[in-house]
**Student:** 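Have a look at this one before I ask anything.
As a basis for the values below, the full set of heavy atoms in this structure was taken, side chains included, without hydrogen atoms, waters or symmetry mates.
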Amino acid sequence: LLDRQMNYLAASRMWVRQYARGVEDLTGLNHYELVPDLPEAWKEANRRALAGEPQRIEHDHWRRADGSEYWLRRVVQPWVDESGAVAGIIVSSEDLTEQEQAAREVREARERFAAVFETAPIAMVVGSLDDTRFIEVNASFEQLSGWHRDEVKGRNSLELALWPEDGFRQRAYELLNAEGRVPVTEARMHRKGGGEIEVSFSSCRVEIAGRPHYVAMFIDVTPQQNARRALERHQQELARLVEQRTAEL
């Protein structure tokens with residue numbers, strides 16, 4: 001509660017903790033002298049209230065001279081004396097700093113995930129477990145599958161005929177619902193326009209906005225598998241030749 005000269009007539013304990021910084025009794029002190037780094041916009045709101053115009057500011061940012069930051073919801077209300085003239089203002093504020101910092105941390109975490117997701121060398125998709133439809137895919141998935149993200153989003157792997165192996169898709173969703181993850185496994189995958197590749201596939205269940213989703217990852221292991229099969233054929237041929245030579249001897 002302040003008079004027209006912005007001198008304190010009364011203040012709550014929470015106000016004292018927020019603004020006084022060690023001063024116990026604010027009565028008679030000037031608000032602007034007590035808080036010299038008050039933003040100019042706040043002073044303007046006070047002037048308007050002293051002119052009879054109530055002020056309500058839903059989300060105000062205040063960076064103090066010492067570098068500390070606050071987010072506040074403020075109401076500045078004129079009060080009148082017995083003659084009906086504006087005799088001062090009543091200022092109330094609600095500290096939103098913790099909520100704002102929590103929201104900022106969530107935004108930053110989302111931004112970090114989005115950056116990692118988009119630039120990851122591993123093909124990745126995010127989908128809904130409710131209807132199994134893809135919500136987002138990254139650039140590596142586009143390159144791996146041949147599908148553009150606009151062709152994939154809103155559809156599921158069944159509609160894209162992504163998995164040629166009978167039952168693979170169903171088993172993956174059963175594991176996600178029952179255990180929350182699909183451990184690394186190898187599978188064949190159809191590419192857009194025909195052709196198959198062999199991939200290392202894994203997936204995990206995540207909660208987004210309170211709803212069950214999944215993140216799936218794909219790595220093309222076709223070259224390694226081709227090399228492994230070639231090595232096996234070479235080993236088999238070598239074993240056959242050894243057996244043949246042994247018989248001859």
**Student:** Answer with yes or no whether the side chains of Glu105 and Gln101 bring together a donor and an acceptor at under 3.5 Å.
**Tutor:** no
**Student:** Just grab all the salt bridge (Lys or Arg N to Asp or Glu O under 4.0 Å) pairs involving residues 74-90, residues at least two apart or on different chains.
**Tutor:** Asp60-Arg74
**Student:** Are Ser157 and Arg169 linked by a side-chain donor-acceptor pair shorter than 3.5 Å?
**Tutor:** yes
**Student:** Donor-acceptor pair, distance only, cut-off 3.5 Å: does the side chain of Arg4 make one with the backbone of Val86?
**Tutor:** yes
**Student:** List the steps, then state whether side-chain contact (heavy atoms from CB on, under 4.5 Å) holds for Leu72 with Leu96.
**Tutor:** CA-CA 5 Å; Leu72 301 159; Leu96 307 175; 5.7 Å; no
**Student:** Grab the two heavy atoms, one from Gln18 and one from Arg64, that are nearest each other, plus how far apart they are.
**Tutor:** O-NH1, 4.2 Å
**Student:** So, Glu118 side chain and Val116 main chain: donor-acceptor pair closer than 3.5 Å or not?
**Tutor:** no
**Student:** Do the side chain of Asn138 and the main chain of Phe117 share a donor and acceptor less than 3.5 angstrom apart?
**Tutor:** yes
**Student:** For residues Met124 and Ile135: do they belong to one hydrophobic cluster (side chain heavy atoms under 4.5 Å, members Ile, Leu, Val, Met, Phe, Trp, Tyr)?
**Tutor:** no
**Student:** Other members of the hydrophobic cluster containing Phe218, with the 4.5 Å side-chain heavy-atom rule, please.
**Tutor:** Val125, Leu129, Phe134, Val137, Phe141, Leu144, Trp147, Val152, Leu160, Leu162, Trp163, Phe168, Tyr173, Leu175, Leu176, Val182, Met189, Ile197, Val199, Phe201, Tyr214
**Student:** Among Val91, Asn7, Leu9, whose side-chain contact (heavy atoms from CB on, under 4.5 Å) with Leu2 holds?
**Tutor:** Val91
**Student:** Can you check whether Val23 reaches Val16 side chain to side chain, under 4.5 Å on heavy atoms?
**Tutor:** no
**Student:** Only counting residues at least two apart or in another chain, list the ones meeting side-chain hydrogen bond (donor to acceptor under 3.5 Å, both in side chains) with Glu69.
**Tutor:** His61, Arg63
**Student:** Say you draw a straight line from CZ of Arg188 to OG1 of Thr222; how long is it, rounded to the nearest 0.5 Å?
**Tutor:** 11.0 Å
**Student:** What's the shortest heavy-atom distance between Ser200 and Val184, and which atoms?
**Tutor:** OG-CG1, 3.2 Å
**Student:** Please round to the nearest 0.5 Å and tell me the distance separating atom CG of Asp220 and atom OG of Ser140.
**Tutor:** 11.5 Å
**Student:** Can you tell me how far the CZ atom of Arg104 sits from the CD atom of Glu111, to the nearest 0.5 Å?
**Tutor:** 11.0 Å
**Student:** Do the side chains of Glu44 and Arg47 get close enough for a salt bridge, i.e. N-O under 4.0 angstrom?
**Tutor:** yes
**Student:** Between Ala11 and Leu26, what is the shortest heavy-atom contact and its length?
**Tutor:** CB-CD1, 3.8 Å
**Student:** Suppose clustering is done on Ile, Leu, Val, Met, Phe, Trp and Tyr with side-chain heavy atoms closer than 4.5 Å. Which residues sit in the same group as Val75?
**Tutor:** none
**Student:** What is the distance from atom OG of Ser145 to atom CD of Glu151, rounded to the nearest 0.5 Å?
**Tutor:** 8.5 Å
**Student:** Salt bridge between Glu196 and Arg191, side-chain N to carboxylate O under 4.0 Å?
**Tutor:** no
**Student:** Please list, chain by chain and in numerical order, all residues satisfying side chain to side chain contact (heavy atoms under 4.5 Å, CB included) with Glu100, sequence neighbours excluded.
**Tutor:** His59, Trp71, Arg107
**Student:** Side chains of Ser202 and Arg181: donor-acceptor distance under 3.5 Å anywhere?
**Tutor:** no
**Student:** Quick check against the 3.5 Å criterion: does Thr119 have a side-chain atom that pairs as donor or acceptor with the backbone of Ala115?
**Tutor:** yes
**Student:** Keeping the roles fixed (side chain from Glu142, backbone from Arg149), state whether a donor-acceptor pair exists under 3.5 Å.
**Tutor:** yes
**Student:** What do the steps show when you test Met14 against Asp95 for side-chain contact (heavy atoms from CB on, under 4.5 Å), and what is the final call?
**Tutor:** CA-CA 10 Å; Met14 289 187 65; Asp95 192 347; over 6 Å; no
**Student:** Please step through ring pair (Phe, Tyr, Trp, His ring centres under 6.0 Å) for the pair Tyr19 and Trp62, ending with a clear verdict.
**Tutor:** CA-CA 12 Å; Tyr19 295 98; Trp62 180 24; 5.8 Å; yes
**Student:** Mind listing the closest non-hydrogen atom pair of Lys192 and Gly146 along with its distance?
**Tutor:** CD-O, 3.4 Å
**Student:** For Gln77 and Pro54, which heavy atoms make the closest approach, and how far apart are they?
**Tutor:** OE1-CB, 3.6 Å
**Student:** Indicate yes or no: does Glu179 engage Arg205 in a salt bridge with an N to O separation below 4.0 Å.
**Tutor:** no
**Student:** Hey, could you give me the CG/CD distance between Leu38 and Glu33, rounded to the nearest 0.5 Å?
**Tutor:** 13.0 Å
**Student:** Please report the closest heavy-atom contact between Asp130 and Pro212, naming both atoms and the distance.
**Tutor:** OD1-CG, 3.5 Å
**Student:** More than 12 foreign heavy atoms under 6.0 Å from CG of Asp150: is that the case here?
**Tutor:** yes
**Student:** Does Arg56 form a side-chain contact (heavy atoms from CB on, under 4.5 Å) with Glu58? I'd like the steps, not just the answer.
**Tutor:** CA-CA 6 Å; Arg56 182 178 182 88; Glu58 289 294 336; 2.5 Å; yes
**Student:** Under the criterion side chain to side chain donor-acceptor pair (under 3.5 Å), I'd like the reasoning laid out for Tyr8 against Trp15: C-alpha separation, chi angles, the key distance, then a yes or no.
**Tutor:** CA-CA 11 Å; Tyr8 281 98; Trp15 182 279; 3.0 Å; yes
**Student:** Can you tell if the side chain of Pro164 reaches within under 4.5 Å of the side chain of His190, non-hydrogen atoms only?
**Tutor:** yes
**Student:** Group every Ile, Leu, Val, Met, Phe, Trp and Tyr by side-chain heavy-atom contacts under 4.5 Å, then state whether Ile57 and Tyr32 land in the same group.
**Tutor:** no
**Student:** Applying side chain to side chain contact (heavy atoms under 4.5 Å, CB included), name anything that partners Glu98, two or more places apart in sequence or on another chain.
**Tutor:** none
**Student:** Is Arg211 reaching over with its side chain to a backbone N or O of Glu207, donor-acceptor style, under 3.5 angstrom?
**Tutor:** no
**Student:** Other residues, nucleotides and ligands only: do more than 12 of their heavy atoms fall within 6.0 Å of CD on Glu53?
**Tutor:** yes
**Student:** Drop me the distance from Leu1's CG to Ile89's CD1, to the nearest 0.5 angstrom.
**Tutor:** 9.5 Å
